[in-house]
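Structure, as structure tokens:
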Amino acid sequence: VDNVHTDDLKRVMELMDGFKASKVLFTASKLRVFDLLETRPGLVGAEVAQALEASLKGTECLLEACVSLGLLERKQGGSSLLSISHQEVVYENSRLAQRFLQSDSPSSLLGYMEHCDELVWPLFSHLESAVREGTNQHAKVSGKTITTNNLFQDLYYFRDAQKLQFMRAMHSIAGVAGPAVATAFDLSRFKTACDLGGCTGSMAHELAKAYPGLSVTVFDLPSVVEMSGDLFKDKLPKADLYILARVLHDWTDEKVHALLSKVSDACTPGSAVLVVETLLDGTRSYPALQSLSMLMQTMGKERTGSQYTQLLRQHGFGDVRIAHTWNFVDVVLAIKN
Ligand code: SAM
């Protein structure tokens, strides 16, 4: 009984501190602590503080918090092995930081981290209102009323800095999840694919790498790509395989139906749609928390595998298969009857 009690208490304490841990990760990333320790591993706290032009007290607290969260490793440095007092604590990036937090790593998540810190973090302070009202909370944070008609244009694409930040965020997630998405199903029988709402082309690039015989087009809003169009208004380019990666989760059921009906009309029998989304499964916290994030940022939400299956079947995709990647996103392949 005592052990259970202690485990429950530990869990509650961890959950209560979750927001602090996130902010430590975002702040250390923003201050480029991990880039600094990549180029100069083994710095002492005072050297880090000096390089960041930050206070010694604050930097030491942040570095120790990073160690406790597995982002940094603390080592004993110093020149003299004989005199302990001459040994100083030095810091190095952990393996996790090397892989995901250094800006030059191919799997760097810094773009997404910046988006979480600057956009998602302020929105989450209005979670209670989002739950009460069931809508996104941009009006409270930026004063903008965001609806289906202006979601991307007014929120992200109104200024180059915001647009690039959003694109960096999408690019970094697609870079990490892309290889798992590309290989979740054997797509080698398709010759042409069109990534609808494909943003920077990061997912398209992964697909082209995995299937050298596949020619992939990226279709997105004019602010984002040259080959542009509006998913809801314009004719879709011809392809055997349409990709909808993290697009459906932005929209209401009504818009999702409109989009799937359009994709279905563009498909011939045997053509397919690859839906790439974080699937709610009633157990993992990542999809459930991501769904709250969608509630607060967009017009949409995350859905379960069976909800997507049902939606796709309603639009003439009889053969629907689901692959869980255990990455940021899962994959649903649906083949047109
Ligand atoms: N598919 C990318 C990925 O998985 O990283 C980006 C996902 S992002 C959440 C949604 C994308 O849909 C953005 O690139 C956005 O510009 C695009 N988009 C939104 N509304 C659109 C529209 N009406 N027509 C075309 N693209 C649109």
Q.
Can a side-chain donor-acceptor contact be found between D35 and S103 if the only test is distance below 3.5 angstrom?
A. yes
- Do D253 and R303 sit within salt-bridge range, that is, some charged N less than 4.0 Å from a carboxylate O? yes
Sorted by chain and number, sequence neighbours left out, salt bridge (charged side-chain N to carboxylate O under 4.0 Å, His left out) with D160 holds for K163
Give me the ring orientation class for H115 and Y156: parallel if the planes are under 30° apart, tilted from 30 to 60°, perpendicular past 60°.
tilted
### Task
For Q314, look at atom CD and say whether over 12 heavy atoms of other residues, nucleotides or ligands are found less than 6.0 Å away.
yes
Is a donor from one side chain sitting under 3.5 angstrom from an acceptor on the other, for S271 and T268?
yes
Residues at least two apart in sequence or cross-chain that pass salt bridge (charged side-chain N to carboxylate O under 4.0 Å, His left out) with D234, listed by chain then number, are none
Note to self: What I want to find out is whether K10 reaches D8 closely enough, with some N-O distance under 4.0 Å, to be called a salt bridge.
What the structure shows: no
Exercise. Report yes if some heavy atom in the side chain of I322 is under 4.5 Å from a heavy atom in the side chain of D330; otherwise report no.
Key: no
Notebook entry, point to check: Regarding K255 and the six-membered ring of F232, is the cationic atom NZ or CZ under 6.0 Å from the ring centre and inside 45° of its axis?
Noted result: yes
- Query: Quick one: do D17 and K20 make a salt bridge, cutoff under 4.0 Å?
  - Reply: yes
Hits for side chain to side chain donor-acceptor pair (under 3.5 Å) against T145, two or more places apart or cross-chain, chain-then-number order -> none
When rounded to the nearest 0.5 Å, the distance separating CZ of F190 from OH of Y242 is 12.0 Å
Any chance the rings of F166 and F152 have centres within less than 6.0 Å?
yes
Notebook entry, point to check: Regarding E206 and Y211, is there a side-chain donor-to-acceptor distance under 3.5 Å anywhere?
Noted result: no
Worksheet entry | Side-chain ion pair, E277 and R246, N-O less than 4.0 Å | no
| said: Is any side-chain heavy atom of V256 closer than 4.5 Å to one of L311? | reply: yes
Salt bridge or not for E114 and R168, using N-O below 4.0 Å? yes
One should read off an interatomic distance between L207 CG and S215 OG, to the nearest 0.5 angstrom, of 11.5 Å
Checklist entry - Thinking salt bridges, do R189 and D240 make one under a 4.0 Å N-O criterion? => result no
Problem set entry | Charged N-O contact under 4.0 Å between E128 and R132 | yes
### Query
Within 45° of the axis and under 6.0 Å from the centre of the six-membered ring of F158, does NZ or CZ of K144 qualify?
yes
Residue set satisfying side chain to side chain donor-acceptor pair (under 3.5 Å) with S202, at least two apart, ordered chain then number -> none
Handout entry: Residue pair Q165 / E118, side-chain donor-acceptor N/O under 3.5 Å
Key = yes
Rounded to the nearest 0.5 angstrom, the CG-OG distance for L155 and S142 is 6.5 Å
Quiz question: by atom type and distance under 3.5 Å, do the side chains of E133 and H126 form a donor-acceptor pair? no
Fill in: W326-Y286 aromatic ring centre distance below 6.0 Å
no
N93 meets the side chain to side chain donor-acceptor pair (under 3.5 Å) criterion, sequence neighbours left out, with Q102
Sequence neighbours excluded, the answer for salt bridge (charged side-chain N to carboxylate O under 4.0 Å, His left out) partners of R95 is none
| task | Please determine, by modelled atom types, if H171 and T200 share a side-chain donor-acceptor pair under 3.5 angstrom. | result | yes
